[in-house]
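Comments concern the structure below.
Computed from a prediction, not measured in an experiment: that's the story for all the values here. Chain naming here is simple, since letters A, B, ... match the order of the sequence lines and numbering starts at 1 in each.
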2 protein chains.
Amino acid sequence: MCLVRGVQLTPIRQQVLVLIWDSHKAVKAYDLLDRIKPQQNAAKPATIYRALDFLIEQGLIHRAGSLNAFIGCSCSDHQHELLLLICKHCNEVEERATPDVMQALSQEFNQAGFTAHSKAIEAHGICGKCSDFHSIS
Amino acid sequence: MCLVRGVQLTPIRQQVLVLIWDSHKAVKAYDLLDRIKPQQNAAKPATIYRALDFLIEQGLIHRAGSLNAFIGCSCSDHQHELLLLICKHCNEVEERATPDVMQALSQEFNQAGFTAHSKAIEAHGICGKCSDFHSIS
DNA sequence: TCAATAAATGTTATATTATAACATTACATT
DNA sequence: AATGTAATGTTATAATATAACATTTATTGA
Ligand SMILES: [Zn+2]
Ligand SMILES: [Zn+2]
Ligand SMILES: [Zn+2]
Ligand SMILES: [Zn+2]
């Protein structure tokens, strides 16, 4: 994908991406810094934040503003809207496509005369797995 | 409102609330700290963050996660869902009620088996006023 | 090819945002 | 007055993020 776009997925960027994609939970920048140290001994905060900026730019990850953390994008092959379901119990984050919601949103923007460049929905609650577990036990 | 709920809108809390409500832009915690100093000479970060926590708890303000900033609630008399339209040009933030969007969202949650405790939508773009201005000039 | 240019990274320092921990004060209840 | 609770004061530090400038690496195009 990066090849096609003519951008460089350098080792640092790839390592950060893999660390984020390996986790189903949102990951903090400084955790990434700690975890990348074995491979990138010279890594500093700027190293991470630059990689994060690049990956966000390319739509490969998202920033979860309510958590100050980052989550891998599950459908990075196309530009898309964002709905994150954040579980308070297991901390996992599920990303979903949401055509219906986004269409309703677009109408709202029209009414408001607002031109949206990005829209992000972050919901906090309890995921299916966790509520199943609770009702069983 | 606070009386009815049996919670205290102390001077510090009220001053923070007024500072936030006076602005149509999202306000940063440390700006609040600077601006409350004349009235509350002893104010420290904890002073502000405690007031912010209280005001959020009471639904009087919202945190805009994508900005790490805070915005007054325009309909604080009831619990409600959140849609913030954040203008990149003038930095003003408009809050809108969004029954349609939120209903579509609820369906999405049902499908996902997710129990939402809070849902926040933050859209970045250009507000009506600013795009009018641009098209005129 | 090889200098010129642009992109990425290294490095140091600092800015910004937020919380922890414990002490003190204010005020209501018994 | 003794007790308990909520709010605030105070000091320190943790956590998140960027600025600024130097160096290295990749790309371009004469
Ligand atoms: Zn995505
Ligand atoms: Zn869960
Ligand atoms: Zn509101
Ligand atoms: Zn505007």
Side-chain angles (χ1 to χ4, degrees), chain A residues 1-20 23 25-58 60-71 86 91 122 124, chain B residues 2-17 19-20 23 25-58 60-71 86 91 122 124:
Chain A
M1 244 182 63
C2 288
L3 270 179
V4 171
R5 294 182 190 170
V7 296
Q8 300 182 54
L9 187 63
T10 61
I12 290 176
R13 290 167 174 177
Q14 184 174 338
Q15 287 159 19
V16 171
L17 179 58
V18 167
L19 286 173
I20 293 176
S23 169
K25 310 180 183 186
V27 189
K28 300 264 177 178
Y30 277 72
D31 289 345
L32 290 169
L33 181 54
D34 290 341
R35 289 156 65 186
I36 211 175
K37 278 277 176 63
Q39 306 165 76
Q40 296 290 340
N41 191 46
K44 301 275 184 319
T47 316
I48 301 299
Y49 282 103
R50 282 168 181 158
L52 292 170
D53 286 347
F54 170 86
L55 296 170
I56 289 171
E57 186 96 10
Q58 296 303 318
L60 295 166
I61 64 171
H62 301 291
R63 176 167 187 273
S66 59
L67 303 171
N68 289 338
F70 303 85
I71 185 80
I86 302 164
N91 293 123
E122 296 179 30
H124 291 253
Chain B
C2 287
L3 270 179
V4 170
R5 295 182 190 169
V7 296
Q8 299 182 53
L9 187 63
T10 61
I12 289 176
R13 290 167 176 177
Q14 184 175 338
Q15 286 159 17
V16 170
L17 179 58
L19 286 173
I20 294 176
S23 169
K25 309 180 184 186
V27 189
K28 299 265 178 180
Y30 278 71
D31 289 344
L32 290 169
L33 181 53
D34 291 341
R35 289 157 64 185
I36 211 175
K37 278 275 175 64
Q39 306 164 75
Q40 294 290 340
N41 191 45
K44 300 277 184 318
T47 316
I48 300 298
Y49 281 103
R50 282 166 181 158
L52 292 171
D53 287 346
F54 170 85
L55 295 170
I56 290 170
E57 185 96 10
Q58 297 303 318
L60 295 166
I61 65 172
H62 301 290
R63 176 167 187 274
S66 58
L67 304 172
N68 289 338
F70 303 86
I71 185 80
I86 301 164
N91 293 123
E122 297 179 29
H124 290 253

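- Distance from the side chain of B/A42 is smallest for D/dT10 among the nucleotides D/dT10, C/dA8, C/dT11.
- Two residues, A/L67 and B/A43, neighbour DNA chain D, and the one matched to the more 5' nucleotide by heavy-atom proximity is B/A43.
- Here C/dT17 presents its P atom at 11 Å from CG of B/D34, a figure rounded to the nearest Å.
- Annotation: side chain of A/H124 is in contact with side chain of A/L67 (closest heavy-atom distance under 4.5 Å).
- Checked by atom type, the side-chain pair B/R5/B/Q58 shows a donor-acceptor distance below 3.5 Å.
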Could you walk me through whether A/F54 and A/L9 pass the side chain to side chain contact (heavy atoms under 4.5 Å, CB included) test, one step at a time? CA-CA 9 Å; A/F54 170 86; A/L9 187 63; 4.3 Å; yes

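- Base engagement by A/A46 is indicated by at least one non-hydrogen atom pair under 4.0 Å involving a base atom.
- Both thresholds, 5.5 Å between centres and 30° between ring planes, are met by A/Y30 relative to the base of D/dT16, so the two rings are stacked.
- A straight line from CD1 of A/I48 to P of D/dA17 spans 12 Å, rounded to a whole angstrom.
- Side-chain contact check for B/N68 versus A/N68: some heavy-atom pair is nearer than 4.5 Å.
- Going from atom CG of B/D53 over to atom P of C/dT19 covers 7 Å, rounded to whole Å.
- Residue A/R63 has a polar side-chain atom (N or O) positioned under 4.0 Å from OP1 or OP2 of D/dA17.
- The CD-P distance, from B/Q8 to C/dT25, rounds to 18 Å in whole Å.
- The shortest side-chain heavy-atom distance between B/V27 and B/L19 does not fall under the 4.5 Å cut-off.
- For C/dT17, one of the phosphate oxygens OP1 or OP2 lies less than 4.0 angstrom from a side-chain nitrogen or oxygen of B/K28.
- With distances taken from any side-chain atom of B/P45 to the nucleotides D/dA7, C/dA18, D/dA17, the minimum falls on C/dA18.
- Atoms CD (B/Q14) and C1' (D/dT8) sit 17 Å apart, rounded to a whole Å.
- Take the nearest nucleotide of DNA chain C for B/N68 and for B/R50: the residue whose nucleotide is more 5' is B/N68.
- The separation between B/D31 atom CG and C/dA18 atom C1' is 15 Å, rounded to whole Å.
- Atoms CD (B/Q58) and C1' (D/dA6) sit 14 Å apart, rounded to a whole Å.
- When each of B/A69 and A/K44 is assigned the nucleotide of DNA chain C with its nearest heavy atom, A/K44 is the one assigned upstream, toward the 5' end.
- One can place CG of A/L33 at 13 Å from P of C/dT11, the figure rounded to the nearest angstrom.
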